[in-house]
Novice: 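One structure is given below, represented as structure tokens, and several questions about it will come after.
Bear in mind the structure is a predicted one, so any value in this text is a computation, not a measurement. Chain letters run A, B, ... following the sequence lines, proteins first and then strands; every chain starts at 1.
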Amino acid sequence: MQPQFSAKLEATSWDPKLEAEMRQVWEYERIFDFKPSNDKNHNFVIDTPPPYPSGKPWHPGALTQYTQIDMVARSARMRGFNVLYPVGIDRNGLPVEIYAERKYRVQMRKTPREEFINLCKHALDDLESYMVGLMKTLGISGDYYNKYRTDSEEYRKLTQWSFIELWKKGLIYVANRPNNYCPDCNTTIADAEIEYEELPTFLVTNTFKVQDSRMELPVATTRPELLAACQMLVVNPADSRYKKAVGKTAIIPIYNREVPIRAHKSVDQKFGSGVVMVCSYGDYNDVMLFREFKLKEVVAVDMDGKMTTVTGKYAGAAIKDARSQMIQDLQEAGVATKVEQIQHRTPLCERSKTPIEIIPMEEYYLKQLDFKADLRRLAKKMEFHPAMHRQILLDWMDVLTTDYPISRRRYYATEIPVWYCSKCGTPHLPKPGVYYRPWRDAAPFKKCKKCGNEKFVGETRTFDTWMDSSLSPLFISKRLRNPHFHSLTYPATLRVQGKDIVRTWLYYTLLKCYQLTGKEPFKQVWIGGMGQDAQGKKMSKSLGNYVDAEPIIAKFGADAFRFWGASEAGLGYDFRFSEERIAGAGKLMNKVWNTCRFISSFPVPEKAILTWTDKWMINELGKLTRQCTEAYARYDVFTVSNKVREFLWNVFASNYLEMAKGRAYGDGATKEEQEAAWYTLHVVVKSLLLLLAPITPYLTDYVWRKQYGTQSIHLEKLPEAERFEVSEKVSQSILEFNAQVWKTKRDKGLALKDPIAAKIPANLKQFEKDLVRMHHITK
RNA sequence: GGGCCGGUCGUCUAGCAUGGUUAGGACGUCGCCCUUACACGGCGAAGGUCGAUGGUUCGAAUCCGUCCCGGCCCA
């Protein structure tokens, strides 16, 4: 290297360890604080998903999603917005309770409530610091100073406020209905919390006698233990085999009770024997038939998943045990004629993977069916990125058939703020704006408004956790705390989330915020794809294909991980986790570093008189800049990252840089030409750094501060595009010509610095001087 | 059974809406090269009958029909 030029960046490779240094600077400078503009349109409010601390390690797909969201936030800042990018932690509900039960080896029901809550808090604090630490490592530029927790007094106050408001609007009611119940979690769950799996089970065919007849009916069932709860047999009205039996009475074996035989079109003639027993409740069809035929419920399973006394000798047994015992008894009694193993689609609790039971229980409900049309209208009005994922929401709204059960029989969640008169049972709701714990606190009333009684009993149940999280746009906009701030930040600009929680978080947020404010909670929705394992399978702890991203991030750096996350899959598409490809992104980081290092050895001229080579380059850069700016406006970091990589590596470094290198060193060039090269090199590098800054914030800021700025690159705007009159085909010709010379030299066994005779194409005459110098072309 | 998405070199993908030069790039592989930013590099090469099959057309990865496979969601 000639002595007059020495690089400002010394190391020959980018060291990811420098990321920690950069992070400290950001924390010290607090450059990501939100300063609300009084012009609402300048505020860009992101409704971020507060992560759920459900265990370690954190799902690598989720981590990737958070980095993608951060790129949206950072690019919005560089587009000139004041960005509110909250950091929250979702700390309510089941996963934490299950985690605490495992970690501290306790059972919730056998632990005093206060004590159990404290254990949950402990577990949460531990997980939370782990997660926040990872977020910071990844360069998530959220507002850590105002980090919120959904189990804070402030947040729960808001949840209880929303319940009281919705109650006042008449949207809350209590009903005793058959409900999804998880005997393992001991609580009611919503349809949205159920998943289905094909599981092996026994299909038992039992013979039922028909009264006053010699007829016998084969009845196929997967739930023989519910025999005591059978209230009817049904066949398909078109089934000729059983026409004669319809209207008669059958005798239930073992219990010797009489039940009617009816016909209903819901019965599948081909399933089992074609005769089905209707019990309370084997499945949803039972629920429907009980309602339709006004049958009397028999509760055969209790809230612990044990058989009740109506089942006689099976009382107290677990469902599974009762089932095998019953099958054995039926076989011994000669009632069971056939026992076959089949695959049966079984509803499972999403959290505990236990088969759910349908048990009649009294719960609080929030009306939602009346709002379908309104929500559909909102969903169509909101802008979706990508547009195709709007359909997930619309489909879900289509299939809703019951209102939303909101009460849960758990401990670690927001309490339902209700007290009941101990005499007449009338529910009393307190004034909103205070956090209430009715299971512990004295009632804030003197007398029952109905009967005058002075004693109250506090509600012990809590809310479903989506009752809390569905209020995030109201919480981050300080609905209860700061009306002015609220008016500037609600509705939010953008909701960001994964496609797995469309039917829960997205849907419930729309529902509740619309019910409470009459508006949509956000203008746009960003739906990310899911991280899968290297084979494209869903990553889950139970499958054992879970990857811990932390050591990979430590190895390659957050920027490499982020770049990979940006460039791997288009917005909304699933992506596969691959260490190899993250390593590949790490190489790009190094390429960026070394490009900057080389160019850092040249002065930065204010302006220059450009040669055609420079004009060509700046024109190409302009094209790239326009493409990237447009892509950022669509939150499409996939396009940005891939276009920048291709430009940087294949056009700028491999071609322009080689063409301008000699000129930059002053080799056979005028001072003017040399300065033009310097100028262009810096213009391109500056723009590339700015375009990459939202995606790889550490490296770009580090270089920027060393080389160009007195302030962080993250306080700059995205670059402007410049245009020159350069013929369209020139770019391709240059690339082709260079490749051809390189190939010729290779074929002839020449070194790159050896002279070669070559004819420069007519349309590249303007670049002749640089090309001759670059390839050492002789005439 | 219904919906959505996808099926392009070993792997990840661009192109497909507005059909038309040797289907572009990345990762990996192989060969040559330590050329004064980078060997975490440079250059080159191999590798694809664009899921299958009909059709429209002078011409289809691209448009239309049917089918198959995978993923997710729903029944």
Novice: Hey, does the side chain of A:N763 reach the backbone of A:V730 with a donor-acceptor pair shorter than 3.5 angstrom?
Specialist: no
Novice: To the nearest Å, give me how far apart CD (A:E646) and C1' (B:rA26) are.
Specialist: 9 Å
Novice: Roughly how many Å is it from NE2 in A:H775 to P in B:rG42, rounded to a whole number?
Specialist: 16 Å
Novice: If I take atom CD in residue A:E736 and atom C1' in nucleotide B:rG44, what distance separates them, rounded to the nearest angstrom?
Specialist: 16 Å
Novice: Is NZ or CZ of A:R597 both nearer than 6.0 Å to the six-membered ring centre of A:W14 and within 45° of the ring axis?
Specialist: no
Novice: Whole angstroms only, please: what is the CZ-P distance between A:F575 and B:rU11?
Specialist: 20 Å
Novice: Scan nucleotides 2-9 of chain B against the protein and return all N/O pairs shorter than 3.5 Å with their distances rounded to 0.1 Å.
Specialist:
{"from": "B:rG3", "atom 1": "O2'", "to": "A:D395", "atom 2": "OD2", "distance (Å)": "3.2"}

Novice: Roughly how many Å apart are B:rG48 and B:rG10, using the C1' atom of each and rounding to a whole number?
Specialist: 12 Å
Novice: So which atom in A:T700 and which in A:A693 form the shortest heavy-atom distance, rounded to 0.1 Å?
Specialist: OG1-CA, 3.4 Å
Novice: In whole angstrom, give me the gap between the C1' atoms of B:rG3 and B:rU11.
Specialist: 30 Å
Novice: How far, in whole Å, is B:rU8 from B:rU36 if one measures between their C1' atoms?
Specialist: 42 Å
Novice: Once you apply the 3.5 Å cut-off to both distances, tell me the Watson-Crick or G-U wobble partner of B:rA60, or none.
Specialist: none
Novice: Separation of A:E579 atom CD from B:rU11 atom P, in whole Å?
Specialist: 20 Å
Novice: For the residue pair A:Y281 and A:F290, is the inter-centroid distance of their aromatic rings smaller than 6.0 Å?
Specialist: yes
Novice: With rounding to the closest Å, how many angstrom separate the P atoms on B:rG41 and B:rC27?
Specialist: 8 Å
Novice: Would A:Y508 and A:Y404 count as a close aromatic pair, with their ring centres under 6.0 Å?
Specialist: yes
Novice: Please name the nucleotide paired to B:rU35 by Watson-Crick or G-U wobble geometry with both distances under 3.5 Å, or report none.
Specialist: none
Novice: Taking for each residue the nucleotide of RNA chain B bearing the nearest heavy atom, is the 5' side occupied by A:K753 or by A:Q740?
Specialist: A:K753
Novice: What does B:rU22 pair with, Watson-Crick or G-U, if both distances are under 3.5 Å?
Specialist: none
Novice: Nearest whole angstrom, please: distance from the C1' of B:rG42 to the CG of A:D754.
Specialist: 15 Å
Novice: Check for a donor-acceptor pair, side chain of A:D701 on one end and backbone N or O of A:I713 on the other, with a separation under 3.5 Å.
Specialist: yes
Novice: Does the separation of the ring centres of A:Y635 and A:H385 fall below 6.0 angstrom?
Specialist: yes
Novice: Between the protein and nucleotides 27-33 of chain B, list every N/O to N/O distance that falls short of 3.5 Å.
Specialist:
{"from": "B:rG28", "atom 1": "OP1", "to": "A:K587", "atom 2": "NZ", "distance (Å)": "3.0"}

Novice: With a 3.5 Å limit on both atom pairs, tell me what B:rC16 is paired to, counting Watson-Crick and G-U wobble, or say none.
Specialist: none
Novice: Counting only side-chain N and O atoms of A:K499, is one of them less than 4.0 Å from OP1 or OP2 of B:rG71?
Specialist: no
Novice: Is the backbone of A:P605 close enough, under 3.5 Å, to the side chain of A:E675 for a donor and an acceptor to pair up by distance?
Specialist: no
Novice: Rounding to an integer number of angstrom, what distance separates B:rG24 and B:rG15 when you compare their C1' atoms?
Specialist: 8 Å
Novice: Quick one: A:L750 CG to B:rG42 P, roughly how many Å, whole number?
Specialist: 21 Å
Novice: Give me the ring orientation class for A:Y708 and A:W704: parallel if the planes are under 30° apart, tilted from 30 to 60°, perpendicular past 60°.
Specialist: tilted
Novice: How close or far is atom C1' of B:rA45 from atom CH2 of A:W742, stated in whole angstroms?
Specialist: 16 Å
Novice: Any side-chain N or O of A:Y656 below 4.0 angstrom from OP1/OP2 of B:rA37?
Specialist: no
Novice: Given ring pair (Phe, Tyr, Trp, His ring centres under 6.0 Å), test A:F638 with A:Y573 step by step and report yes or no.
Specialist: CA-CA 11 Å; A:F638 176 74; A:Y573 292 95; 8.5 Å; no
Novice: With a non-hydrogen cut-off below 4.0 angstrom, is A:E658 in contact with a base, only sugar-phosphate, or nothing?
Specialist: base
Novice: Within the structure shown, what part of the strands sits under 4.0 Å from A:D398 by heavy-atom distance: base, sugar-phosphate, or nothing?
Specialist: nothing
Novice: Run the ring-centre check on A:F577 versus A:W564 and record whether the distance is less than 6.0 Å.
Specialist: yes
Novice: Paired with B:rC4 by Watson-Crick or G-U wobble geometry, both distances under 3.5 Å: which nucleotide is it?
Specialist: B:rG71
Novice: Starting the side chain at C-beta, find the nucleotide from B:rU21, B:rC40, B:rC38 nearest to A:K591.
Specialist: B:rC38
Novice: Can you find a side chain N or O atom of A:N650 that sits less than 4.0 Å from OP1 or OP2 on B:rG24?
Specialist: no
Novice: Between A:T595 and A:K743, who's closer to the 5' end of RNA chain B by nearest nucleotide?
Specialist: A:T595
Novice: Verify the contact: side-chain N or O of A:S654 to OP1 or OP2 of B:rC43, cut-off strictly under 4.0 Å; return yes or no.
Specialist: yes
Novice: Counting neighbours of NZ on A:K769 that are heavy atoms of other residues, nucleotides or ligands and sit closer than 6.0 Å, is the number greater than 12?
Specialist: yes
Novice: Is A:L657 touching bases, backbone alone, or none of the nucleic acid, heavy atoms closer than 4.0 Å?
Specialist: base
Novice: If you look at every strand shown and take non-hydrogen atoms under 4.0 Å, does A:S600 touch a base, only sugar-phosphate, or nothing?
Specialist: nothing
Novice: With rounding to the closest Å, how many angstrom separate the C1' atoms on B:rG19 and B:rG6?
Specialist: 22 Å
Novice: Report the base-pairing partner of B:rU49 (Watson-Crick or G-U wobble, both distances below 3.5 angstrom), or none.
Specialist: none
Novice: Measuring only the P atom in each nucleotide, how far is B:rC69 from B:rC30? A whole number of Å is fine.
Specialist: 37 Å
Novice: Using the C1' atom as the reference point in each nucleotide, state the distance between B:rU13 and B:rU18 in Å, no decimals.
Specialist: 23 Å
Novice: Mind checking who B:rG10 pairs with, Watson-Crick or G-U wobble, both distances under 3.5 Å?
Specialist: B:rC27
